[in-house]
Amino acid sequence: MKIFTVGLIIRQQNIGERDRLVTALTEQLGVVRCFVRGARDIKSPKCAATELLCYSKLTLHKSRDSYIIGDAKPLKIFGGLRGDLGRMYTAQYFCELAGTLCPKEQEAGVQLRLILNALYLISENKRPISLVKPCVELRLMCEAGYMPDLTMCRECGEYEKDTVYFLPKVGQLICRDCCERLALGEHKIALNRTSLTALRHCCYADGEKLFSFSVPEDDLRALNFCAEEYVRFITERNYKTLQFLKTII
Ligand SMILES: [Zn+2]
């Protein structure tokens, strides 16, 4: 069976002298692992098209429980990521997240567009990494069915207060008054009005407005911490590429 789709290469492993095993985030089939024969022949268009972080047109052949990439043509190579360690690690972290959070054998066009937009913005330096990263983390979580409940304090129902806390283990909010009243010892992250608005924006904004906001550096830091901790607790794993990124930013 032949399948025509587009996809971003999110993992690449060389096999022997000539071949590759890649993982792609595709529009039609979500995350798929594919074998690519002759991918390391530099004269073949498959060579560039199946490299990590290349967005490509792919022709897949399905055989029992594996896929083979027959043809591949590069559509976009994010050249601006190369030569900048911060951008490169961020891009690789998005790939690692996609591999964990995106569906397998199911349509994943929304997730693919999200990551392509994010890669474009950081590769062209149109938005800072500290703004793009929490948007991707939180939106991938929402798409995977883990949308946090950020409407109000889970105890008293207040929509907004000067200080509320985000509870990353459960993805809920609690206001400072309720927190003190209950002497809540759970891991929590303090948010002021601005960082709470930003957190809500990342989860609830329309797709095309997602990356269009700006907040002061301190609030971005709180937002990044919320997103990282939420991903870490809910997916129950640490991300190697995020650890690399943290050593340089
Ligand atoms: Zn409350």
Side-chain angles (χ1 to χ4, degrees), residues 90 93-94 96-98 100-103 108 110-111 113-115 117-118 121-122 127-243 245-246 249:
T90 306
Y93 174 48
F94 293 164
E96 201 179 348
L97 278 179
T100 306
L101 288 168
C102 294
V110 173
Q111 293 91 331
R113 277 189 296 281
L114 170 72
I115 294 180
N117 284 340
L121 293 173
I122 58 169
R127 292 276 190 285
I129 288 171
S130 56
L131 186 148
V132 175
K133 183 179 135 303
C135 291
V136 171
E137 288 166 314
L138 290 164
R139 283 310 254 253
L140 285 180
M141 290 296 282
C142 292
E143 289 298 330
Y146 303 111
M147 186 181 279
D149 181 1
L150 306 173
T151 46
M152 56 187 150
C153 167
R154 71 173 186 187
E155 300 296 330
C156 70
E158 277 286 332
Y159 176 74
E160 213 169 27
K161 283 199 173 175
D162 286 337
T163 304
V164 298
Y165 296 100
F166 177 63
L167 306 169
K169 285 185 181 174
V170 289
Q172 294 172 336
L173 298 175
I174 188 165
C175 72
R176 182 155 70 184
D177 297 339
C178 290
C179 197
E180 283 170 4
R181 182 168 49 81
L182 299 166
L184 189 80
E186 196 178 321
H187 176 40
K188 54 188 182 292
I189 301 164
L191 299 170
N192 59 22
R193 286 171 189 264
T194 311
S195 46
L196 174 60
T197 304
L199 183 62
R200 283 177 171 147
H201 175 91
C202 288
C203 294
Y204 303 150
D206 288 341
E208 69 273 20
K209 291 186 193 137
L210 178 61
F211 299 103
S212 310
F213 69 102
S214 68
V215 289
E217 204 51 48
D218 281 352
D219 299 316
L220 273 184
R221 212 166 296 132
L223 179 63
N224 273 272
F225 192 40
C226 288
E228 284 167 19
E229 290 291 89
Y230 185 52
V231 169
R232 187 167 73 89
F233 279 112
I234 302 296
T235 63
E236 296 182 318
R237 55 167 288 197
N238 288 306
Y239 294 80
K240 213 169 44 184
T241 44
L242 178 63
Q243 304 310 320
L245 180 61
K246 287 183 156 219
I249 55 170

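All ligand and atom numbering here is 1-based and tracks the order in the structure. If you're wondering where the values come from, they're calculated on a predicted model, not measured in any experiment.
For Asn192, the side chain to side chain contact (heavy atoms under 4.5 Å, CB included) partners are Thr194, Ser195, Asp219, not counting sequence neighbours.
Lys246 has a carboxylate O that lies under 4.0 Å from a charged side-chain N of Glu228, or vice versa, which qualifies the two as a salt bridge.
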Exercise answer: donor-acceptor pairs, residues 233-240 side-chain atoms, under 3.5 Å, sequence neighbours excluded:
unit_1	atom_1	unit_2	atom_2	d
Thr235	OG1	Val231	O	2.6
Thr235	OG1	Tyr239	OH	2.8
Arg237	NH1	Thr100	OG1	3.0
Arg237	NH2	Glu96	OE2	2.5

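With Phe225 as the aromatic partner, Arg232 does not meet the cation-pi criteria of under 6.0 angstrom to the ring centre and within 45 degrees of the ring axis.
The two atoms that bring Pro148 and Tyr230 nearest to each other are N-OH, 3.7 Å, heavy atoms only.
Of all protein N/O/S atoms, those lying under 2.8 Å from the Zn ion (ligand 1) come to 4.
Among residue pairs with one or both ends in residues 142-156, those qualifying as side chain to side chain donor-acceptor pair (under 3.5 Å) are Asp149-Thr151, Arg154-Gln172; sequence neighbours excluded.
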